[in-house]
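Counting convention: from 1, in listed order, for ligands and their atoms alike. Note that the numbering runs from 1 along the sequence shown for the chain.
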Amino acid sequence: ELLKNQVPPVSMPAYACQRHTPLNHHNFHLTEALETLAEAADFEGSQGRFISFHRAASVLKALPDPITNMSQLHGLPHIGDHSSRIIQELLEHGVSNEVETIKLSKRYQTMKLFTQIFGVGVKTADRWYQEGLRTLDDLQKHSRKLTRQQEAGIHHFEDLNTPVYRHEADAIQQIVEEVVQQMLPGARVILAGGFRRGKPHGHDVDFLITHPVEGLEAGLLSKVMGRLESQGLVLYRHTQSPKNPDNTAFQSTAMDDYEKCFSILWFPKSPTTSSHLEAGESSRDGKAVRVDFVVTPISQFAFALLGWTGSQYFERELRRFSLNREEAAAE
Ligand code: ATP
Ligand code: MN
Ligand code: MN
């Protein structure tokens with residue numbers, strides 16, 4: 001009995017980038033609750049609590065076994081008091097009161113709805129909430145000053161909140177590859193983002209594009225997007241050009257300075273109908289899909305691949321790890 005309850009402590013490195021985080025792990029019930037609390041903290045602008053709950057969830061994901069007893073938490077990094085309380089509640093009662101209350105609250109539900117709109121972040125969602133808006137209908141009726149991006153996001157809300165499956169990402173990759181080859185033979189299209197981490201579905205598709213000859217990729221993105229547009233496949237696009245090769249503003253943020261395009265593409269279920277569709281027109285045999293394109297010269301490709309494979313939390317940990325290493329070495 002004693003042995004059963006005293007599982008030897010698992011040794012766990014402090015940074016997420018130092019350990020395996022398998023896609024399928026043993027503590028889904030617990031991590032889901034902690035991630036809900038992280039999300040709710042984010043909605044309230046509490047970055048500290050957001051990251052604490054994320055850290056705790058991430059540690060549980062890396063465990064080789066399910067947590068069944070509080071003693072298993074001993075020696076694990078980043079499990080704070082609040083996370084411990086939630087875990088205990090879940091172990092004892094199967095549900096957490098605090099988490100359930102949040103999930104049922106109008107505030108959480110509305111913030112979740114609004115931030116699910118393409119082009120809407122926490123700040124905008126919060127402002128709308130404070131103004132008394134609660135539904136997508138409210139947003140349209142009260143003639144909000146919506147950006148072009150938000151308008152597209154609301155217009156395609158249902159499609160964009162339907163998961164994109166791997167086979168769909170592969171099919172979209174084929175469409176993109178064909179166009180890229182026409183515009184620049186030898187260029188490569190690589191699927192990054194969640195799918196590269198093995199996720200079976202995601203909220204968008206992330207493509208990196210490069211060419212083995214440095215410099216040939218210049219100007220490629222606008223040609224590719226123009227071509228996709230002429231095929232009636234572009235419902236929305238927003239291109240970001242690199243600002244400055246020596247841009248140092250990016251060094252302190254999570255953003256990079258690669259040439260990229262955030263888009264909504266029309267993904268036809270049967271390829272033959274695609275050329276007959278006007279941009280913006282929708283039809284039953286296809287759906288709108290969020291697609292990100294990032295183009296880099298081959299010399300920067302490795303960094304772009306690392307940065308765009310994610311997860312967002314892994315990337316954050318990698319930066320924190322690197323910075324702390326640098327500081328430790330300088331001392
Ligand atoms: P999902 O499967 O739901 O799409 P994901 O992990 O692919 O999840 P994305 O939001 O598509 O999430 O982002 C993929 C990765 O690309 C992120 O982890 C982040 O590191 C990187 N990324 C996204 N947007 C930017 C940006 N504007 N600048 C730099 N990197 C970004
Ligand atoms: Mn993605
Ligand atoms: Mn993306």
For ligand 1, is there an N or O atom under 3.5 Å from any N or O atom of Gly193? no

Would the distance check show the side chain of Arg188 and the main-chain N or O of Ile209 forming a donor-acceptor pair, the cut-off being under 3.5 Å? no

Is it true that the side chains of Arg196 and Thr309 contain a donor and an acceptor less than 3.5 Å apart? yes

Which protein non-hydrogen atom lies closest to atom 20 (O) of ligand 1, naming both residue and atom, and how far is it? Gly307 O, 2.8 Å

Decide whether an N or O pair under 3.5 Å exists between Arg197 and ligand 1. yes

Enumerated ligand 1 atoms positioned under 4.0 Å from heavy atoms of Gly310: 18 (O)

Check: Glu315 N/O within less than 3.5 Å of ligand 1 N/O: no

With atom 9 (P) of ligand 1 as the reference point, say which of His203, Gln240, Met255 has the nearest heavy atom. His203

Proximal ligand 1 atoms for Ser311, defined as those under 4.0 Å from one of its heavy atoms: 18 (O)

Test: Arg134 cationic atom under 6.0 Å from Tyr129 six-membered ring centre, within 45° of axis: yes

Proximity of His82 and Phe53 rings by center, below 6.0 Å: yes

Just give me the atom name: the N, O or S atom of Asp206 closest to the Mn ion (ligand 2). OD2

Kindly determine whether Arg237 and Glu229 satisfy salt bridge (charged side-chain N to carboxylate O under 4.0 Å, His left out), including the steps that lead there. CA-CA 9 Å; Arg237 64 162 150 152; Glu229 187 135 54; 2.4 Å; yes

Among Phe314, Tyr313, Trp308, Phe262, closest by any non-hydrogen atom to atom 31 (C) of ligand 1: Trp308

Nearest-neighbour protein heavy atom for atom 29 (C) of ligand 1, which is reported as residue plus atom name and distance: Asp256 OD2, 3.2 Å

Backbone or side-chain N or O of Asp206 under 3.5 Å from ligand 1 N or O: yes

For Gln312, the ligand 1 atoms whose distance to one of its heavy atoms is below 4.0 Å: 18 (O)

How far is atom 5 (P) of ligand 1 from the closest protein heavy atom, and which atom is that? Gly194 N, 3.7 Å

Could you label the plane-to-plane angle of the Phe50 and His54 rings as parallel, tilted or perpendicular, counting under 30° as parallel and over 60° as perpendicular? perpendicular

Test Phe114 against every option in Phe157, Trp128, Phe43, Tyr108 by the ring-ring contact (aromatic ring centres under 6.0 Å, His included) rule and name the one that passes. Trp128

For the Mn ion (ligand 3): the N/O/S atom of Asp292 at shortest distance: OD2

If you count every heavy atom of other residues, nucleotides or ligands that lies below 6.0 Å from Arg325 atom CZ, does the total exceed 12? no

Check this for me - ligand 1, Asp204, N or O atoms closer than 3.5 angstrom, yes or no? yes

Ser83 and Arg55 side chains, donor-acceptor separation under 3.5 Å: no

Could you verify whether a donor N or O on one side chain and an acceptor N or O on the other, from Thr210 and Glu217, lie under 3.5 Å apart? no

Protein contact to atom 8 (O) of ligand 1 [nearest heavy atom, distance to 0.1 Å]: Lys199 NZ, 3.6 Å

Mind checking whether Phe207 and Phe293 have parallel, tilted or perpendicular rings, split at 30° and 60°? tilted

If you consider just the N/O/S atoms, which atom of Asp204 is the closest one to the Mn ion (ligand 3)? OD2

